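Keep in mind it's a predicted model, so treat the numbers as computed, not measured.
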Amino acid sequence: MPKLTFLPHKDLCPDGLEIDAEKGMSICDIALKNNIEIEHACEKSCACTTCHVYIREGFGFLDESTENEDDMLDKAWGLEPDSRLSCQTLVGNEDLVIEIPKYTINMVSENH
């Protein structure tokens, strides 16, 4: 079972968290299931960038992003080469280290 390590984030996960993850689930769903309230303003439909994350370790083991995800990522705050949308990134067999950016772009604030 792969492990997801979420690095500390001041507001969402102050102490960081290591989670045994189920293969095939999205990073966003795993975070939400474990009380990391990552934003997902478009309800995980790949129509915004609020669930943008950095894959600090394990990026090369993930399936490639789709053209639609790449188009959305171009609009993300703080885009880096290891950026992904957590709603579109499915866990495979390998461990991942994930960092949630300090900021996100959300045109409409929604409570989930």
**Student:** Donor-acceptor pair, Tyr54 side chain versus Val97 backbone, under 3.5 Å?
**Tutor:**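 No; judged by distance alone, with no hydrogens or angles, the pair does not exist.
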**Student:** Count I, L, V, M, F, W, Y as connected when their side-chain heavy atoms are under 4.5 Å apart, and connections chain through other members. Are Phe59 and Leu4 then in the same cluster?
**Tutor:**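 Cluster IDs for Phe59 and Leu4 match.
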**Student:** State which residues pass side-chain hydrogen bond (donor to acceptor under 3.5 Å, both in side chains) with Asp82; sequence neighbours excluded, sorted by chain then number.
**Tutor:**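 By the side-chain hydrogen bond (donor to acceptor under 3.5 Å, both in side chains) rule, Asp82 matches Arg56.
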**Student:** Please report the interatomic distance OG1(Thr50) to NZ(Lys44), rounded to the nearest 0.5 Å.
**Tutor:**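 Reported to 0.5 Å precision, the distance equals 11.0 Å.
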**Student:** Main chain of Leu12, side chain of His9: is a donor-acceptor contact present, judged purely on distance under 3.5 Å?
**Tutor:**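 Present.
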**Student:** For Asp63, is the CG atom crowded, meaning more than 12 foreign heavy atoms sit under 6.0 Å from it?
**Tutor:**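 No, because the 6.0 Å sphere around CG of Asp63 holds 12 heavy atoms or fewer from other groups.
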**Student:** Rounded to the nearest 0.5 Å, how far apart are OG1 of Thr89 and CD1 of Ile98?
**Tutor:**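 Thr89 OG1 to Ile98 CD1: 8.5 Å, rounded to 0.5 Å.
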**Student:** Okay, side chain of Thr49, backbone of Met72: is any donor-acceptor separation there less than 3.5 Å?
**Tutor:**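 The answer is no, because no donor-acceptor pair under 3.5 Å joins these two groups.
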**Student:** With a 4.5 Å cut-off on side-chain heavy atoms, are Cys87 and His40 touching?
**Tutor:**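 No, their side chains stay 4.5 Å or more apart.
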**Student:** Is there a donor-acceptor pair under 3.5 Å between the side chain of Thr5 and the backbone N or O of Glu18?
**Tutor:**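 Side chain of Thr5 to backbone of Glu18, a donor-acceptor pair under 3.5 Å: no, none is there.
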**Student:** State the CZ-SG distance between Arg84 and Cys28, to the nearest 0.5 angstrom.
**Tutor:**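 If we round to the nearest 0.5 Å, Arg84:CZ and Cys28:SG are 13.0 Å apart.
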**Student:** Please confirm whether the backbone N or O of Asp95 pairs with a side-chain atom of Glu57, one donor and one acceptor, at under 3.5 Å?
**Tutor:**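 No, because the side chain of Glu57 does not come within donor-acceptor range (under 3.5 Å) of the backbone of Asp95.
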**Student:** Could you tell me whether the side chain of Pro8 reaches within less than 4.5 Å of the side chain of Pro14, counting heavy atoms only?
**Tutor:**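 When only atoms from C-beta onward are counted, Pro8 and Pro14 do not touch, as no gap falls below 4.5 Å.
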**Student:** Ser86 versus Ile38: any side-chain heavy-atom pair under 4.5 Å?
**Tutor:**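 Yes, their side chains come closer than 4.5 Å.
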**Student:** Excluding sequence neighbours, so at least two apart, what forms salt bridge (charged side-chain N to carboxylate O under 4.0 Å, His left out) with Glu22?
**Tutor:**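 Glu22 satisfies salt bridge (charged side-chain N to carboxylate O under 4.0 Å, His left out) with no other residue.
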**Student:** Determine the sole option in Leu7, Ile27, Ile36 for which the side-chain contact (heavy atoms from CB on, under 4.5 Å) test with Ile100 is passed.
**Tutor:**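 Answer after filtering Leu7, Ile27, Ile36: Ile36.
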**Student:** Using every non-hydrogen atom in the two residues, find where Leu90 and Leu62 come nearest and quote the distance to one decimal.
**Tutor:**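 So the minimum-distance heavy-atom pair works out to O-CD2, 3.7 Å.
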**Student:** Decide yes or no for Phe6 and Ile19: does some side-chain heavy atom of the first lie under 4.5 Å from some side-chain heavy atom of the second?
**Tutor:**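 Side-chain contact under 4.5 Å: yes.
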**Student:** Against Ser65, only a single residue in Leu85, Asp71, Asp70 fulfils side-chain contact (heavy atoms from CB on, under 4.5 Å); can you say which?
**Tutor:**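 That would be Asp70; it is the only one of Leu85, Asp71, Asp70 passing the side-chain contact (heavy atoms from CB on, under 4.5 Å) with Ser65.
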**Student:** Of the non-hydrogen atoms in Val91 and Ala21, which two are nearest, and what is the gap between them?
**Tutor:**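 It is CG1-CB, 4.1 Å.
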**Student:** When clusters are formed by joining ILVMFWY residues with side-chain heavy atoms under 4.5 Å apart, either directly or through shared neighbours, do Leu32 and Ile55 land in the same one?
**Tutor:**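 Result: yes, single cluster for both.
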**Student:** Show the nearest heavy-atom pair for residues Ser45 and Cys42, with the distance to one decimal.
**Tutor:**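 Looking at all heavy atoms of both residues, the shortest contact is OG-O, 2.9 Å.
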**Student:** Check the side chains of Ser83 and His52 for a donor-acceptor pair under 3.5 angstrom, ignoring hydrogens and angles.
**Tutor:**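 Ser83 and His52 do have a side-chain donor-acceptor pair below 3.5 Å.
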**Student:** Between Asp29 (side chain) and Met25 (backbone), is there a donor-acceptor pair under 3.5 Å?
**Tutor:**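 Such a contact is absent between Asp29 side chain and Met25 backbone.
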